[in-house]
Amino acid sequence: MNETKERMEVSAPGAGKTDWQQETQHLAECLEVIKENIGMYQEKIAVLSGDINQMYDQYRDDDPEIFTELSNAITMNEHMKVSLAKNERALHKAYFGRIDIVNELGAPEQLYIGKGGVMQDATTILVVDWRAPIANVYYENGLGECSYAAPEQQQITIDLQKKRTYEIEWEKLIDYYDSEVVANDELLTRYLAKNKEAVLGEIIATIQKEQNDIIRTSPYRNIIVQGVAGSGKTTVAMHRISYILYNYEKEFRPEDFYIIGSNRILLNYITSVLPDLDVHGIKQMMMEELFVRLLYEDWQEKKCRIIPCVDDAYEKGTGQWFEKLAAFCNRLELAVIPQKNIEFDKEVLLSTEQIQNYLRENGHISVQSKIDMLNARTLTRLKNIITGRDISYAPEKRKQWIKEYTGLFGGKKWKKSIYDIYDEFLQEQGRSAIGKKKEYDVYDLAALAYLYKRIKETDPVREAHHIVVDEAQDYGMMAYRVLKYCIPACTWTIMGDVSQNIRYGVGLNDWEELKQLILTESRDHFDVLSKSYRNTVEISEFAQKILEHGSFRGYPIEPIIRHGNPVTVEECESEQQILERAVQCLKQWQKEGYDTIAVVCRDAVKAAETAKKLGEYIDLAESDIEKAEFGNGILVLPVEYTKGLEFDTVLIYDPAAEEYPADNGHVKLLYVAATRALHELTVLHKKDVTELIVR
């Protein structure tokens, strides 16, 4: 990135004009350039598309020149489409911030900062991209002398004289604020008071310093982030990827990233937001899907079925379970690889000590690879002996000995399936084998992925360079130990909240063991996001009272002071009355203009039943958990599938004592349900309500 990417040349404001008039005029001038850019890109795309179609018609396999021209035209067309999309987004909100600086040469500059960089011409930047190094000044610094890291990493000192934030909607300037005039939290509350859909559009403008520090951390560092509900964990993770791809474009490509989410709806939400951050082509998957991926051709898709974790998965999710599996594989290796002296004609080809040293020094490769290498070494030594001596051996003898010593340590292909090996391990641990059922939960899949890598793999496949895990607390150490083994060279961004571990017996209840595994270098670090930007004070206090029923250590929450209506907790006499009150409540929220509404039920069965009943009275969005996508409308969801999401309003539907007993796991589950709401939270219940609800 050269220095011109950091600069924007703007003439001095016109004399005699008010500040408001100058800002209005500048916005109008920016919009004019953006509209010209849109027209130019549309025209170029149309011409290029026509050229591409013509080249396809003329294309021949034996004409490399046309192939090169076609490839270049397709690449250029894609770049044009990206630039067009960037300008189209900028048309609605050209920029959100401005910094006035005196640069290192003593010259004054005004830089407007936006969601995407916009060029006025080939050398002049109209709007600086929020990811550019100099834009960090907007997020990090107060007025006065400060510095930022230039592309070559040297620090450039500047004098920050003004920092301004804008409210712009649909090409119209609504308001603006200078940092020395309006408190940051006050500005935030103005944004957060908007509906969910509007809030998403303001995220970049309201990134806070503690969030910005995480976003701009080097991709060569491992980080674990403990973030309370509503602290922006998912948002920070997505912006971090966008920042890395912008600033490290030579080192990282989109395919170098994996995003791991805890459910399909969360992944669909991430998928919908990433393009708006100028991020395309990133692989997103659930943890189960990643382990299936790591099984490669050994995954038997037609014979196997992935199932949710059950209560007895606790031990299988621990780091101790990984240790048992690793010890089992070590014993297997010792059993199948001979470790006695390999001799020929009274000469030692490989000694016991040499074999053991080789196994010890190459612990990172599979048993099959060790067998192949030991076989190869044995044959090499044998051939050296039978061809290098003064004694002449008959060709028939040589062939006989080579055949005799070929495969001495084992065959070229592992015969037993990893599924059978896993069954043997389970039986050794006193558990039932999976057998013909072929039903595997996430920790079974983790074990299979480890067995494949540890036993069978001979041709390693390039995997992610950086893995982002959202809702990381939902997975036990077994998952992380296996990933660390199977993808050892990648770096990590791990986001979660141990207070939201809805799989209390299986997931992470603290970060200590994971910190020891992941944060191994001096510059790796653990961060805490304690500010909650989501809930009103009333909703936050209600959720905190739920947490007080637990016996676990939590992280303190600092809510942004934004007041709203009290949480409504209403007892109904019957199921029918709950249904009627729910319909009334949902219709009222829609009338008040709320876009994203969630009805939260305990599990998938109850969610399906509730959606069917409500659907007779009011229109619902698709609520099938395999098809549902986050968006406008009313979603009826099990609480587990609301993880990582937030809604304008939330209705918790009949949280009965039987469904939410007073134990730590259900405390966290109900806490998750209560903290999904931005503005309004209502709880409708019958008499047998859970004692976790404080009335």
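Computed from a prediction, not measured in an experiment: that's the story for all the values here.
Salt-bridge formation is not detected for the pair Glu558/Lys531: no Lys NZ or Arg NE/NH1/NH2 atom is positioned less than 4.0 Å from an Asp or Glu carboxylate oxygen. With respect to the salt-bridge test (charged N to carboxylate O, under 4.0 angstrom), the residues Glu646 and Arg676 do not qualify. The residues Lys643 and Asp474 are annotated as salt-bridged, a charged nitrogen and a carboxylate oxygen being separated by less than 4.0 angstrom. The pair Glu609-Lys612 does not count as a salt bridge, with every side-chain nitrogen at least 4.0 angstrom from each carboxylate oxygen. Glu659 has a carboxylate O that lies under 4.0 Å from a charged side-chain N of Lys606, or vice versa, which qualifies the two as a salt bridge. By the 4.0 Å N-to-carboxylate-O rule, Arg131 lies close enough to Asp278 to be salt-bridged with it. Looking at Lys163 and Asp178, no side-chain N of the basic residue comes within less than 4.0 Å of a carboxylate O on the acidic one, giving no salt bridge.
The backbone N or O of Leu277 lies less than 3.5 Å from a partner atom in the side chain of Ser242, making a donor-acceptor pair. Side-chain N or O atoms of Gln577 include one that pairs as donor or acceptor with a backbone N or O of Glu573 at under 3.5 Å. Of the possible polar contacts, one joining the Thr596 side chain to the Asp648 backbone as a donor-acceptor pair under 3.5 Å is found.
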Would you be so kind as to tabulate the donor-acceptor pairs closer than 3.5 Å made by side chains of residues 649-657, with sequence neighbours excluded?
unit_1: Tyr653; atom_1: OH; unit_2: Glu575; atom_2: OE2; d: 3.1
unit_1: Asp654; atom_1: OD1; unit_2: Lys686; atom_2: N; d: 3.3
unit_1: Asp654; atom_1: OD2; unit_2: Lys686; atom_2: NZ; d: 2.6

Would you be so kind as to tabulate the donor-acceptor pairs closer than 3.5 Å made by side chains of residues 279-288, with sequence neighbours excluded?
unit_1: Gln284; atom_1: OE1; unit_2: Thr271; atom_2: N; d: 3.4
unit_1: Gln284; atom_1: OE1; unit_2: Thr271; atom_2: OG1; d: 2.4
unit_1: Gln284; atom_1: NE2; unit_2: Ile282; atom_2: O; d: 3.1

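The distance from atom CG of Asp527 to atom CD1 of Ile494, rounded to the nearest 0.5 Å, is 12.5 Å. One distance of note links SG of Cys490 with NZ of Lys484; it measures 7.0 Å at 0.5 Å rounding. Taken from CD1 in Ile223 to OG1 in Thr491, the straight-line distance is 9.5 Å, to the nearest 0.5 Å.
Both tests do not hold together for Lys316 against Phe322: distance to the six-membered ring centre under 6.0 Å, angle to the ring axis within 45°.
When the side-chain contact (heavy atoms from CB on, under 4.5 Å) test is applied to Asn565, the partners found at least two apart in sequence or on another chain are Glu680.
Defined by atom type and a distance below 3.5 Å, a donor-acceptor pair is present between the side-chain atoms of Thr234 and Asp470.
The aromatic rings of Phe630 and Tyr269 sit perpendicular, their planes meeting at an angle over 60°, well past the 30° parallel limit. Aromatic ring pairs are classed by plane angle as parallel below 30°, tilted from 30° to 60° and perpendicular above 60°; the pair Phe257 and His466 is tilted. Aromatic ring pairs are classed by plane angle as parallel below 30°, tilted from 30° to 60° and perpendicular above 60°; the pair Tyr480 and Tyr475 is perpendicular. A perpendicular orientation is assigned to the rings of Tyr139 and Trp130, their planes being inclined by more than 60° (bins at 30° and 60°).
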Checklist entry - So Gln544 and Glu548, side chain to side chain donor-acceptor pair (under 3.5 Å) or not? Walk me through it. => result CA-CA 6 Å; Gln544 279 294 105; Glu548 290 170 6; 5.7 Å; no
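Residues Tyr617 and Leu586 have side chains not in contact (no heavy-atom distance under 4.5 Å, counting atoms from C-beta outward).
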